[in-house]
Amino acid sequence: MSPTWSGTKAGREREKGNTMKIVVIGGTGLIGSKLVAKLRAAGHEVIAASPNTGVNVITGEGLAEALQGANVVVDVANAPSWSDEEVMNFFTTSARNVLAAEAAAGVGHHVALSVVGTEKLQDSGYFRAKLAQEEAIKAATVPWTILRATQFFEFIGAIADTSTKDGTVVLPPVLFQPQAAEDVAAALADIAVAAPANATEELAGPERFRMDELVQRYLSATGDSRRVVADADASYSGVVLKDEGTLVPSGDSYRKGAVRFADWVSNSAAQPQAKAHYGGASA
Ligand SMILES: NC(=O)c1ccc[n+]([C@@H]2O[C@H](COP(=O)([O-])OP(=O)(O)OC[C@H]3O[C@@H](n4cnc5c(N)ncnc54)[C@H](OP(=O)(O)O)[C@@H]3O)[C@@H](O)[C@H]2O)c1
């Protein structure tokens, strides 16, 4: 429930049943491009905002212009560099710039994508930066909804690559409930046209696995001969996971993706994969 929603321009548009202007920050990325396509298919005016389209949330270039008349902003940008300092700088600066531009433009809803378990992953610079991004959103004046998603299926190959030592993949046997990027985009499309929750929601896949087992299934299904070995002391994103439930939703009340792993992986050779793995070799 949001007391501010019905009084906003976005709220009035929505009540009239009109379409909205929605700006997707990071709209050219893995999730962003799928989200832009879904929102456009639903008839909304959508701007895919990213450096490639002339909008930079760090320098501020093109931001005020893109947000002019926008009802909703969905932030699915990711940092180009994941060293501790650079990733923190990216998510705090982008949050500050985007939220200030939204306040100036009268945007009625800020939606952002974060990661399930972020507060339990604070030994990682990437997740410290995601928590700082969440805190900036909660402290700002713009009504908001944060969607915390589990890992994307498209990210599993990168997890394997950054956890490979001497040709063997070493991973903790923690609970793991990833979902297809398509389902993440669908959940965000749904949230973007709803009233702001001023709360954090969670999203996970339809099935729960152990991380080592699912990564082995992925490698076998994609013709990769690497073997996966379970080791409870192995780190994930640079963090040793003391709690086996760190990467799965905190309660029973969460959004569930529809795409099952077996169906996704049988098509995965044709899918774009996530670019890198936070906290891994590329950080
Ligand atoms: N990987 C996972 O499993 C996972 C799980 C849960 C949540 N998430 C979250 O999902 C979000 C999106 O991830 P993704 O894999 O879709 O990212 P991605 O494919 O790497 O795309 C990143 C996007 O950010 C844009 N961007 C980079 N610098 C920018 C800047 N200065 N100003 C504006 N836009 C900028 C890029 O634009 P250009 O194309 O122009 O460079 C691109 O559109 C991230 O916030 C991440 O934390 C990821």
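Indexing begins at 1, ligand by ligand and atom by atom, following the structure's order.
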Seminar exercise, completed: Among Ala129, Pro178, Ala77, Pro51, the residue with a heavy atom nearest to atom 33 (C) of ligand 1 is Pro51

For this session: Ignoring hydrogens, just give me the one of Ile25, Val57, Leu30 whose non-hydrogen atom is nearest atom 19 (O) of ligand 1.
Result: Leu30

Under 3.5 Å: N/O of [X] near N/O of ligand 1:
{"X": "Thr150", "answer": "no"}
{"X": "Phe155", "answer": "no"}
{"X": "Thr28", "answer": "yes"}
{"X": "Ser114", "answer": "no"}
{"X": "Gly29", "answer": "yes"}
{"X": "Val76", "answer": "no"}
{"X": "Val115", "answer": "no"}
{"X": "Pro80", "answer": "no"}

Exercise. Would Arg128 and Asp123 pass as an ion pair if we require N to O under 4.0 Å?
Worked result: no

Exercise. Quick one: do Lys256 and Asp183 make a salt bridge, cutoff under 4.0 Å?
Worked result: no

At less than 4.0 angstrom from any non-hydrogen atom of [X], what atoms of ligand 1 do you find?
{"X": "Asn56", "result": "30 (C), 31 (N), 32 (N)"}
{"X": "Gly26", "result": "23 (C), 24 (O), 25 (C), 43 (O)"}
{"X": "Ile31", "result": "16 (O)"}
{"X": "Val55", "result": "32 (N), 33 (C)"}
{"X": "Asn52", "result": "38 (P), 39 (O), 40 (O)"}

Check whether the side chains of [X] and [Y] place a donor and an acceptor atom closer than 3.5 Å, and report yes or no.
{"X": "Gln177", "Y": "Tyr254", "answer": "yes"}
{"X": "Arg226", "Y": "Thr168", "answer": "no"}
{"X": "Glu182", "Y": "Trp264", "answer": "no"}
{"X": "Ser250", "Y": "Glu202", "answer": "yes"}

Exercise. Can you check whether Val248's main-chain N or O pairs, donor with acceptor, with Thr150's side chain at less than 3.5 Å?
Worked result: no

Atom pairs and distances, donor-acceptor, side-chain atoms in residues 110-120, under 3.5 Å, two or more places apart:
residue : atom : partner : partner atom : Å
His110  : ND1  : Glu102  : OE1          : 3.1
His110  : ND1  : Glu102  : OE2          : 2.6
Ser114  : OG   : Glu134  : OE2          : 2.7
Thr118  : OG1  : Val115  : O            : 2.5
Glu119  : OE1  : Arg148  : NH1          : 2.6
Glu119  : OE1  : Arg148  : NH2          : 3.3
Lys120  : NZ   : Asp243  : OD2          : 3.1

For this session: With heavy atoms only and a cut-off of under 4.0 Å, state how Tyr126 meets ligand 1: side chain, backbone, both or neither.
Result: side chain

For this session: Using a 4.0 Å heavy-atom cut-off, say whether Lys130 meets ligand 1 through its side chain, its backbone, both or neither.
Result: side chain

Exercise. Are any of the side-chain heavy atoms of Leu39 and Met20 separated by less than 4.5 Å?
Worked result: no

Problem set entry | Whichever hydrophobic residues join Val240 through chains of side-chain contacts under 4.5 Å | none

Exercise. Does a sphere of radius 6.0 Å around CZ in Arg227 hold more than 12 heavy atoms from other residues, nucleotides or ligands, not counting ones at 6.0 Å or beyond?
Worked result: no

